[in-house]
Amino acid sequence: MTLPKLVKDYIDKLKELRELGKDPFIIKKFEKDADAAYVIKKFSGLEAGEETDYKVKMAGRLLSKRKHGGVIFADLKDSSGKIQLVFRKDYTDEFKVLRLVDRGDIIGVEGIVIKTKRGELSILVKSWVVLSKALRPLPDKWHGLEDIETRYRQRYVDFIMNEESRKSFILINKVLHLIRSYLNENGFIEVYTPILQPVYGGAFARPFETYHHFLEEKMYLRIAPELYLKRLLVGGFEKVYEFAPCFRNEDVDSLHNPEFIQLEFYWAYIELKDLMDFLEKMFESIVTNLVGDTKIEYQGKIIDFKRPWRRLRMVDAIKEFGGPDVEKMGDEELFKHAEELGIHEERRGEIIEKLFDCYAKDRFVNPTFVTHFPLDISPLAKKAGGYADRMELYIAGMEVANGFSELNNPIEQYKRFKEEEELRKKSDKKGLETMPMDKDYVRALEYGMPPATGVGVGLGRFFMILNDKATLREVIAFPTLAREEGIEVIPELYPEVMDWYD
RNA sequence: GGGCUCGUAGCUCAGCCAGGCAGAGCAACGGGCUUUUAACCCGUUGGCCGCGGGUUCAAAUCCCGUCGAGCCCGCCA
């Protein structure tokens, strides 16, 4: 570790600043009256060499520092953008003290807007103040931070160095805002339902378990908000939605993170085709608002969100892309075919779904609704013919949404839960892929839930598409990683600094 | 869970195949420079080669194990 040696210079400078009565860490505010984007917008028309008398007070992080003897150039980055600072020996206050200011420090400056002889719009700095001293060096100014692991573990450094990363999250904020507005304008209300649940449900997944010491009870982090949102329908809410953080104790890959956010919404008195119409309109509106077009490029492919979107039955999708006609196959034949493909499942429905994944899933680039799911893997949905009245939305080969006509018959719901319990007893998979009985939910249905349709949208995957990112981790600010051991911090490396701040 | 790849200075990377003093650029430090923008020039500092074991006179390099990360497959609607 050479970090201590490098850090020594930084803490020596902090010490000197303190001795000069300039300890950055005691400062509580800096009144900015401009940011980089504002100055660039207002003054980009200046002639090279022109100096205005327009005064600005700006603050941000110093990303680079170029010394030329009597003049120092630096780049200041704030949340709006980047602008050059010019410090001049014959103009700037305390010019010599600038040797204590490093790349990475956060500073506030007051100066005038100029354009240099080389034509770079800049702030000629009169006075300056260090607002926070960086005690660790920034990554290479040219290559920046590229190491994927460090980018995720120390995302703060990633955001400093990689504007692209920061932009993704600004875009996500816009998308969230658009979704909220769209739903609110359509009469939905936003709600929050329990994340800590005594019984998990609403999906097939292994939950995280925890323990409530006061209640002395085992609890689960929710795998989905579904069953609570439908309790609200029972209670008389007709259109509800939730941006729901969910937790699933399963493997991590480019499409799965143990914690992720689902948008779920429920709408009473409409049926599945109405929901699909609504989703089309909503997505089309969001994409159009965002990029001014229904088409976007994702990983080299063009995705067109223009409605109407294709709708087809799952069994037809399998056929269309070279798979068998499962409707004409008996159980024995179907299971045999699955075995040949290496698919080992206990339910007919699971096999059909796997066949869909195998043959068809990747083929849907433009948004496509796949409908008519096997009943036995849809214990919360109503029936439609021999199938579940259910759809999944596929975009760029990814499952982005899953919705269905909500089963509101308490008797049938009870039976489906029972079937799940039976299956769990038989299963050799420790019951992880079955839903537990939720009697309170059945009781709620016994009071009467209106016919309704609901959907869960995997927002992360939608964000991936909009940001043209290949992995979910890129659109999660702090993705789940294994614990990092052996982190050393500066007060441990240089205990004497602890005496500075009593 | 299976396969493949990677881990060397704060950052970006060489060195490994074919064992022989631990390297470069950037950053940092000292000096020069009043219009640069990857500034430049001269000099200096900086290493648990992820970790543990083995082979060897000698290991960053070869072998085994292990930890972390990435990609693919399986699994997770």
Side-chain angles (χ1 to χ4, degrees), chain A residues 1-10 12-13 48-49 63-75 82 84-92 95 99 102-104 114-122 124 134-154 157 161 202-206 223-224 248-258 314 342-345 347 349-350 352-354 356-357 361 370 373-374 377-381 388 390-392 394 399 401-402 404 429 432-433 435 456 458 470-471 473 479 481-486:
Chain A
M1 264 306 223
T2 56
L3 190 58
K5 296 263 185 189
L6 278 165
V7 161
K8 186 70 167 58
D9 296 320
Y10 289 84
D12 282 348
K13 288 177 185 174
L63 283 191
S64 65
K65 190 181 167 195
R66 300 178 288 279
K67 289 186 289 179
H68 291 260
V71 62
I72 298 171
F73 299 95
D75 294 321
K82 213 158 68 168
Q84 177 169 272
L85 303 178
V86 180
F87 301 89
R88 228 158 52 191
K89 198 174 184 174
D90 58 9
Y91 183 86
T92 305
F95 187 84
R99 74 188 167 78
D102 290 297
R103 191 165 161 262
I114 64 164
K115 197 168 243 183
T116 63
K117 287 175 191 165
R118 293 291 178 101
E120 180 79 20
L121 188 64
S122 308
L124 177 58
L135 301 180
R136 289 173 183 265
L138 243 35
D140 187 286
K141 68 185 171 194
W142 183 242
H143 297 97
L145 178 63
E146 294 181 356
D147 182 73
I148 293 170
E149 185 176 348
T150 311
R151 283 187 51 234
Y152 294 154
R153 284 198 193 279
Q154 295 179 254
V157 182
M161 298 305 296
F204 293 113
R206 185 203 299 209
I223 58 173
R248 297 186 184 177
N249 204 342
E250 288 162 352
D251 291 359
V252 182
D253 64 30
S254 61
L255 289 180
H256 299 83
N257 196 65
M314 179 176 271
I343 297 168
H344 316 285
E345 296 297 345
R347 305 186 227 201
E350 283 177 302
I352 293 172
E353 195 184 28
K354 286 276 148 57
F356 169 78
D357 287 349
K361 185 171 137 178
V370 176
F373 274 59
I377 54 166
S378 313
L380 301 166
R390 172 177 170 189
M391 65 81 187
E392 281 186 349
Y394 284 83
E399 179 200 333
N402 172 19
F404 39 83
K429 290 186 187 168
L432 299 176
E433 293 169 43
M435 275 184 205
T471 80
R473 289 183 291 274
L481 294 171
R483 185 191 306 278
E484 182 182 1
E485 303 289 348

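Proteins get letters first, then strands, A, B, ... in listed order; numbering begins at 1 in each. Scope of the values below: all heavy atoms of this structure, side chains included, with no hydrogens, waters or symmetry mates.
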Novice: Could you tell me the separation between the CZ atom of A/Phe87 and the C1' atom of B/rU37, rounded to a whole number of Å?
Specialist: 15 Å
Novice: Taking B/rG23 as the reference, what is the distance to B/rU8 when you measure between their C1' atoms (whole Å, please)?
Specialist: 10 Å
Novice: Searching all strands shown, indicate the nucleotide that pairs with B/rC62 (Watson-Crick or G-U wobble; both distances under 3.5 Å).
Specialist: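 Pairing partner, where one exists within any strand: B/rG54.
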Novice: Taking atom C1' in both B/rC29 and B/rC72, what distance in whole Å separates the two?
Specialist: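 Each nucleotide's C1' atom is 47 Å from the other's.
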Novice: What's A/Gly144 touching, base or sugar-phosphate or nothing? Going by heavy atoms closer than 4.0 Å.
Specialist: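 Counting heavy atoms under 4.0 Å across all strands, the contact made by A/Gly144 is with sugar-phosphate only.
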Novice: Using a 4.5 Å cut-off on heavy atoms from C-beta on, say whether the side chain of A/Ile72 contacts that of A/Phe95.
Specialist: yes
Novice: Determine the Euclidean distance between corresponding C1' atoms of B/rC63 and B/rA27; express it in Å to zero decimal places.
Specialist: 38 Å
Novice: Find the partner of B/rG43: check Watson-Crick (N1-N3 plus N6-O4 or O6-N4) and G-U wobble (N1-O2, O6-N3) distances, both under 3.5 Å, and reply none if neither fits.
Specialist: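 For B/rG43, the partner nucleotide comes out as B/rC29, under the 3.5 Å rule.
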Novice: By nearest atom, which of the nucleotides B/rU37, B/rU12, B/rG68 is closest to the A/Ala482 side chain?
Specialist: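 Closest nucleotide to the A/Ala482 side chain: B/rG68.
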Novice: Which whole number of Å gives the distance between the C1' atom of B/rA22 and that of B/rA14?
Specialist: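 These two C1' atoms come out 12 Å apart once rounded.
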Novice: NA contact type, A/Ile377, heavy-atom cut-off 4.0 Å: base, sugar-phosphate, or nothing?
Specialist: nothing
Novice: Grab the CG-C1' distance between A/Asp75 and B/rA39 for me, whole Å please.
Specialist: 12 Å
Novice: Taking only residues two or more places apart in sequence, or in another chain, which ones meet A/Arg103 in a salt bridge (charged side-chain N to carboxylate O under 4.0 Å, His left out)?
Specialist: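 For A/Arg103 there are no salt bridge (charged side-chain N to carboxylate O under 4.0 Å, His left out) partners, ignoring immediate neighbours.
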Novice: For A/Asp357, what residues pass the salt bridge (charged side-chain N to carboxylate O under 4.0 Å, His left out) criterion, not counting sequence neighbours?
Specialist: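 Checked A/Asp357 against salt bridge (charged side-chain N to carboxylate O under 4.0 Å, His left out); zero matches.
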Novice: Considering every strand and a 4.0 Å limit on heavy-atom distances, what is the contact class for A/Gly349: base, sugar-phosphate, or nothing?
Specialist: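 No contact at all - A/Gly349 keeps every heavy atom at 4.0 Å or more from the nucleic acid.
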Novice: Find which nucleotide of RNA chain B each of A/Leu124 and A/Thr471 is nearest to by heavy atoms, and output the residue with the more 5' nucleotide.
Specialist: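 The residue whose closest nucleotide sits nearer the 5' end is A/Leu124.
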Novice: Would you classify A/Gln84 as touching base, sugar-phosphate or nothing, given that sugar-phosphate means primed atoms plus P, OP1 and OP2, and contacts are heavy atoms under 4.0 Å?
Specialist: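 Result for A/Gln84 = base.
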Novice: With sequence neighbours left out, what residues match A/Glu399 under side chain to side chain contact (heavy atoms under 4.5 Å, CB included)?
Specialist: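 Side chain to side chain contact (heavy atoms under 4.5 Å, CB included) check on A/Glu399 returns A/Glu392, A/Tyr394, A/Asn402, A/Arg461.
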Novice: List the atom of A/Arg347, the atom of A/Phe204, and the distance in Å for their closest heavy-atom pair.
Specialist: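 The answer is NH2-CE2, 3.8 Å.
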Novice: What integer distance in Å separates A/Asn257:CG from B/rA69:C1'?
Specialist: 15 Å
Novice: Apply the side-chain contact (heavy atoms from CB on, under 4.5 Å) test between A/Phe73 and each candidate in A/Lys65, A/Glu120, A/Lys67, A/Arg66; give the one that qualifies.
Specialist: A/Arg66
Novice: Look at the side-chain N and O atoms of A/Arg153 and state whether any lies under 4.0 Å from the OP1 or OP2 oxygen of B/rA69.
Specialist: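 Affirmative; the distance criterion is met.
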Novice: For a quick check of understanding: with a heavy-atom distance under 4.0 Å over all strands, which category does A/Arg136 fall into, base, sugar-phosphate or nothing?
Specialist: nothing
Novice: Hey, is the main chain of A/Ala205 close enough, under 3.5 Å, to the side chain of A/Arg248 for a donor-acceptor pair?
Specialist: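 No, because the side chain of A/Arg248 does not come within donor-acceptor range (under 3.5 Å) of the backbone of A/Ala205.
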Novice: For A/Leu145 and B/rA38, what is the distance between atoms CG and P respectively, to the nearest whole Å?
Specialist: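 Those two atoms, CG and P, are 20 Å apart.
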Novice: What integer distance in Å separates A/Ile148:CD1 from B/rG7:C1'?
Specialist: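 For the pair A/Ile148 CD1 and B/rG7 C1', the rounded distance is 13 Å.
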Novice: A/Asp102: which residues meet the side chain to side chain contact (heavy atoms under 4.5 Å, CB included) condition with it, sequence neighbours left out?
Specialist: A/Tyr10, A/Lys13, A/Asp105, A/Lys133
Novice: Provide, to the nearest angstrom, the distance between the CZ atom belonging to A/Arg151 and the C1' atom belonging to B/rA69.
Specialist: 13 Å
Novice: Say we look at B/rG50 and B/rU35: how far apart would their C1' atoms be, to the nearest angstrom?
Specialist: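 Per the computed distance, 46 Å lies between those C1' atoms.
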Novice: In whole angstroms, how far is the C1' atom of B/rG70 from the CG atom of A/Asp251?
Specialist: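 Rounded to the whole Å, the gap is 15 Å.
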Novice: If you measure from the C1' atom in B/rA9 to the same atom in B/rG15, how many Å do you get, rounded?
Specialist: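 About 14 Å, rounded to a whole number of Å.
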Novice: Provide the distance between the two P atoms, one in B/rG74 and one in B/rA38, to the nearest whole Å.
Specialist: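 After rounding to an integer number of Å, I get 46 Å for this pair.
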Novice: Mind checking A/Asp253 for me? I need base, sugar-phosphate or nothing, with any heavy atom below 4.0 Å counting as a touch.
Specialist: base
Novice: Measure from the side chain of A/Glu149, starting at C-beta and using heavy atoms only, and say which of B/rU12, B/rA69, B/rG74 lies closest.
Specialist: B/rA69
Novice: Between A/Arg136 and A/Gln154, does any side-chain donor sit less than 3.5 Å from a side-chain acceptor?
Specialist: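 No.
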Novice: For a quick check of understanding: with a heavy-atom distance under 4.0 Å over all strands, which category does A/Glu392 fall into, base, sugar-phosphate or nothing?
Specialist: base
Novice: What pairs of residues pass the salt bridge (charged side-chain N to carboxylate O under 4.0 Å, His left out) test when at least one of them lies in residues 141-152 of chain A, not counting sequence neighbours?
Specialist: A/Glu149-A/Arg153, A/Arg151-A/Asp158, A/Arg151-A/Glu474
Novice: Which part of the nucleic acid, if any, lies within contact of A/Arg473, taking any heavy atom under 4.0 Å across all strands shown: a base, the sugar-phosphate backbone alone, or nothing?
Specialist: sugar-phosphate
Novice: If a protein heavy atom is under 4.0 Å from the base, mark B; if only from the sugar-phosphate, S; if neither, -; do that for nucleotides 21-34 of chain B going 5' to 3'.
Specialist: ----BBBSS---BB
Novice: Using Watson-Crick or G-U wobble geometry with both distances below 3.5 Å, tell me the partner of B/rC17, or none.
Specialist: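 None - no nucleotide pairs with B/rC17, as no candidate has both distances under 3.5 Å.
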Novice: Figure out the CD/P separation between A/Gln154 and B/rG68, and round it to whole Å.
Specialist: 17 Å
Novice: Does B/rG1 pair with anything, Watson-Crick or G-U wobble, both distances under 3.5 Å, and if so, with which nucleotide?
Specialist: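 When the pairing criteria are applied, B/rC73 turns out to be the nucleotide that pairs with B/rG1.
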Novice: Could you tell me how far B/rA60 sits from B/rC17 if I compare only their P atoms? Round to whole Å.
Specialist: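 About 12 Å, rounded to a whole number of Å.
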Novice: Students often get this wrong, so: under 4.0 angstrom with heavy atoms, is A/Glu146 touching a base, only sugar-phosphate, or nothing?
Specialist: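 Sugar-phosphate contact only.
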Novice: Hey, is the side chain of A/Asp147 pairing donor to acceptor with the base of B/rG7 inside 3.5 Å?
Specialist: no
